[in-house]
Amino acid sequence: TFVSHGDEVRDVGGAMRVLASTPDRPVHGFAVQDLPLRGVQFHCEMPYEETAEIVHGRAERHPALHLDPAATLAGYVDSAPIATRLFGNWLAHWVNAN
């Protein structure tokens with residue numbers, strides 16, 4: 001899914017656990033211990049148009065980063081079905097656990 005970090009969680013500490021990570025981002029999903037709280041740092045809800053606006057805007061505002069919007073957007077996948085399944089699984093787990 002699309003990732004765009006202005007702020008990010010890098011260390012979850014003792015009261016949280018990591019649920020998802022990538023080699024370059026240690027925390028993409030997390031859970032708060034003993035509470036029904038989960039968080040993600042990716043944007044599964046973003047349609048292509050909004051993603052493209054962010055990618056092009058960042059490239060224009062930060063030319064020193066040498067970003068390639070076309071290459072970034074070439075890998076775009078509509079992740080709404082993934083998000084629906086992800087959050088549906090979490091809800092089913094939570095309901096069955098309580």
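Worth knowing before you read on, the calculation uses all heavy atoms, side chains too, and leaves out hydrogens, waters and symmetry mates. Note that the numbering runs from 1 along the sequence shown for the chain.
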Side chain to side chain donor-acceptor pair (under 3.5 Å) filter on Asp34, not counting sequence neighbours, yields none

Are the side chain of Ser79 and the backbone N or O of Ile82 linked by a donor-acceptor pair below 3.5 Å? no

Gln33 atom CD, over 12 foreign heavy atoms within 6.0 Å: yes

Could you list the residues that satisfy side-chain contact (heavy atoms from CB on, under 4.5 Å) with [X], not counting sequence neighbours?
{"X": "Arg38", "answer": "Leu19, Ala31, Trp90"}
{"X": "Pro26", "answer": "Arg10"}
{"X": "Met16", "answer": "Val12, Phe30, Val32"}

Sorted by first residue and then second, give each ring pair (Phe, Tyr, Trp, His ring centres under 6.0 Å) pair with at least one member in residues 45-74; sequence neighbours left out. Tyr48-Tyr76

Members besides Leu67 in its Ile/Leu/Val/Met/Phe/Trp/Tyr cluster (side-chain heavy atoms under 4.5 Å):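 Its cluster partners, ordered by chain and number, are Leu65.
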
